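Before any comments, here is the structure.
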Amino acid sequence: MTTEQSDATDGGRRTGSAEGDLAGQRAGTAAGSGTTGMSAATATDDAATASRSDSPAEGNGRDTGDAAEQPSVTATTEQTSATATIEGPGKSSGTREDAGSEKVGGNQEDGEPEKTDGLGKTDSPERTGGSETSDPAGKTDPPGKGERAMADPWASFGPAPDPVLTRPRRAVHAVGRFLIHEWTLATVASLALAVLLTWPTLRYPLYTLPQDYWDPSLQSWQMAWSGHILLTDPAQLWHANTFYPDKWSFAFSDTLLGYAPAGMIGHGPEAAVLRYNIMFVLAHGLATLGAYALARQLGAGRIGAAVAGASYTYAPWLLAQAGHLHIVSNGGIPLALAMLARGHGWSLRYGYRPERRHAGWAYAGWLVAAWQLSLGFGIGLPFAYGLAGIVLVSAVVWFVRRRRVPGKRPFGVRLLVADLVGGALFAAVGGLLAVPYFKVAELHPNAARTIGDIAIYSPPVSGFFIAPAESRVWGGLHEGARALLPWHPEMTLLPGFVLYALAAGGLFFSVWRVRHRLLLLAGVLVTMTLAMGTRFLGGRFTYVPLFEYLPGWNGLRTPGRMMLWTTLLLGLLAAGAVTAFAARVRELAAQRIPPWPGPWLRLATLLPLLLVIVEGLNSTPHPVVPQQPAVMRTVDGPMLVLPSSQNLDQPLMLWSTSRFQEMANGGSGFTPDTLDQVREVTLAFPDQASIDYLRGLGVRNVVVLRDQLAGTPWERVVDNPVEGLGITREEVGDAIVYHLS
């Protein structure tokens, strides 16, 4: 019996009349009939006479039927109050006051049984809102009687009604629910971790670049060029202002074309450097969030998924790739896989759940996959082939199940259409992006890789246990081991000793099924074998067949970057182990009184994540970018800047973002024959042979940067005379400009 029921019973006993007892009994009958209102009733002992009740609600008390059959009875969900006069043959009277409370039955989300008050009484509209009441027979009370009843002082002791939320307050509540949602917290945590673990990238974002200022300068120019040309002349996208007069020069290396919208914001070298640093940090945040989403979709717990996200993004071997934004920008891979798995209702832990299918997530997954491919083929091409393999296996399963059970479509027609449309879009993006690269391969045969090139960058098995110099924890300790590697920047492939340990534990203690653990282990071994290139049995049965038969695979120079997939699969194995460990901690906590884990148990569940984060700490240098010479803002193109080399030309490309004038300089994954010839011919510049050659190419101005001449073959160019050569010489700041026409 509830407190309200007890209070009501005591009030009924104080009536002192048989009619009051009978009313209480009838009210109890009505309470069992499904009345939803909750009220507290009191009766007065000093009434002299009793009369017939004039309230429809009282009639409900005498009727044992369902409250829904009484047309004048209303069940409120807030607070109700009413007064009824009970009159009977015994000439004694009683007054009942209903002070209702919040309805907790009927539509409860938790499935609790519906509750009623002790009397089962409900209020009528007349009692709650009008000044006059009428009984079922049509009699009416004198004016003011209802008002006096509503003004009863005992009503002030009832609970206050719940406030009615206004539209602004509802909006505030919705925002609050959004802010504490898991995916909001995961996004914020990923971004915060990215800022901390890439620090000091955002300390001086206008003036420094991570690792070095060579490749990052090139990639800063790439984003700036794509944004600039798409706003001004999209048809010239692939014919960049560098490597003049060669065409298709934007496809000489990975383009980061997917970052073109960012390239539309800002202008000049400082904006390009700032843009690069921001995208560098955001790329780390997206990678963490993507791997977290994939692990969660596959069935890992929150902490296990966080381990997968952090280990995938901040693996020690990736610290050596800090100067390669197209490698660091890998978050679209796990994110696309997570969305596709979500759209197909598939989970590694729970299997296929048709009720969770959603074609919208499938479309989103294909779009993210296409965007990831647009960032570059360096890691995008293996992703494309891996995704094609997944689609092929899924299609076989679809047709087999449909054949086994006639009429059954395991994925559904809408989802099949989403896959067909999304897959076609992904293939179209890949095909369109591949056209310029095939043009480059046709025009520049020296751009093609050979098995000999692959052998140079193929790491030995020891590379999987050696960290790069940029690792704060292991860099100094592994200095001697790195010295034994032929090309250590691409051969130090340690994903983390903590990750190795967690993944090994996941083979024996995990939430994944045994067959899934074995599949993940097989994936780890296969990708590690591919990452070794020609070092494993000469690559005859592993890397070489892919190099020879898969279109585009011969354009990949460094097989060690396959370690990206190894790291992701190790992270999933680790996530299974950490999730099982956290579940075991919850079981132990449930046995405690009170059932709450102690501080050491809670800390134990976070320890794997903390260790992974610590192992990912970096000591990456952030050199200051050379300041743009004033001459780069004034001289027109086509132009040539001396001295020229792969490393010297990459900052030049960044400096050209002020005007994007055409220039013969450029740096990329290979050097075209034209630029090689220009560098060779101009060693004696200015002389008649070099001037004639440059004029034949269309070069109008040659800029010599004095402060960069030391130690280069062009060191004494400024001392050569120009008389009789038909050119003029002009000094602009610390540079000399030779006007050829």
Side-chain angles (χ1 to χ4, degrees), residues 190-191 194-195 197-202 205-227 240 242 250-266 269-290 312-315 317-335 371-383 433 468 470 489-490 556-558 560-561 563-564 567 618 620-623 625 646-647 650-651 653-654 657 666-669:
S190 298
L191 292 175
V195 172
L197 292 188
T198 60
W199 191 261
T201 297
L202 294 184
L206 289 171
Y207 311 107
T208 63
L209 286 171
Q211 196 171 57
D212 56 57
Y213 56 78
W214 298 310
D215 283 350
S217 293
L218 162 64
Q219 293 167 337
S220 299
W221 166 83
Q222 287 173 333
M223 285 188 283
W225 168 257
S226 60
T242 57
F250 193 49
F252 284 1
S253 57
D254 278 340
T255 62
L256 294 173
L257 186 59
Y259 289 153
M264 298 177 182
I265 304 173
E270 286 191 355
V273 171
L274 175 62
R275 184 187 304 116
Y276 180 94
N277 286 320
I278 292 175
M279 300 311 297
F280 180 79
V281 174
L282 291 180
H284 283 79
L286 180 62
T288 305
L289 182 64
Y312 175 73
T313 309
Y314 305 104
W317 77 273
L318 274 169
L319 297 175
Q321 305 294 327
H324 301 143
L325 184 58
H326 61 294
I327 305 300
V328 174
S329 300
N330 53 55
I333 293 176
L335 184 61
W371 173 78
Q372 176 66 57
L373 192 60
S374 71
L375 295 178
F377 286 110
I379 61 173
L381 191 65
F383 172 52
L433 291 175
E470 291 81 3
E490 298 289 352
L556 305 181
R557 183 183 62 176
T558 51
R561 292 170 182 173
M563 197 64 188
L564 189 70
T567 307
N618 78 87
T620 304
H622 286 71
V625 181
Q646 171 76 10
N647 289 339
Q650 288 173 331
M653 301 170 78
L654 173 62
T657 56
S668 68

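Just so you know, these numbers come straight off a predicted model, no measurement behind them.
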Please name the pair of heavy atoms, one in [X] and one in [Y], separated by the smallest distance, quoted to 0.1 Å.
X    : Y    : result
A322 : T620 : CB-CG2, 4.0 Å
A320 : P468 : CB-CB, 3.7 Å
L209 : P216 : CD1-CB, 3.8 Å
Y276 : M223 : CA-CE, 3.6 Å
A283 : Y259 : CB-OH, 4.0 Å
S668 : L218 : CA-CD2, 4.5 Å

What distance separates [X] [atom1] from [Y] [atom2], expressed to the nearest 0.5 Å?
X    : Y    : atom1 : atom2 : answer
M563 : Q321 : CE    : CD    : 12.0 Å
E470 : Q211 : CD    : CD    : 5.0 Å
Y213 : H622 : OH    : NE2   : 15.5 Å
Q219 : R275 : CD    : CZ    : 13.5 Å
L318 : T313 : CG    : OG1   : 8.0 Å
Q222 : L375 : CD    : CG    : 11.0 Å

Judged by atom type as modelled, is there a donor-acceptor pair below 3.5 Å linking the side chain of [X] to the main-chain atoms of [Y]?
X    : Y    : result
R561 : I379 : no
D254 : G378 : yes
N277 : L206 : no
N330 : I327 : yes
W214 : Q650 : no

I333 and Y312: side-chain contact (heavy atoms from CB on, under 4.5 Å), yes or no, with the steps?
CA-CA 11 Å; I333 293 176; Y312 175 73; 4.2 Å; yes

List the steps, then state whether side-chain contact (heavy atoms from CB on, under 4.5 Å) holds for T567 with Y314.
CA-CA 10 Å; T567 307; Y314 305 104; over 6 Å; no

With sequence neighbours excluded, residues passing ring pair (Phe, Tyr, Trp, His ring centres under 6.0 Å) with F252:
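Once residues adjacent in sequence are excluded, the partners of F252 under the ring pair (Phe, Tyr, Trp, His ring centres under 6.0 Å) criterion are F243, H444, F670.
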
Could you tell me whether the side chains of T242 and W221 share a donor-acceptor contact shorter than 3.5 Å?
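No.
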
If the condition is side chain to side chain contact (heavy atoms under 4.5 Å, CB included), which residues does S190 pass it with, not counting sequence neighbours?
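S190: side chain to side chain contact (heavy atoms under 4.5 Å, CB included) contacts with T288, L289.
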
Any residue meeting side chain to side chain contact (heavy atoms under 4.5 Å, CB included) with T198, in chain and number order, not counting sequence neighbours:
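With sequence neighbours excluded, T198 shows a side chain to side chain contact (heavy atoms under 4.5 Å, CB included) to T201, F280, V281, H284, given in chain and number order.
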
Side chains of N647 and D212: closer than 4.5 Å at any heavy-atom pair?
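No, side chains not in contact.
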
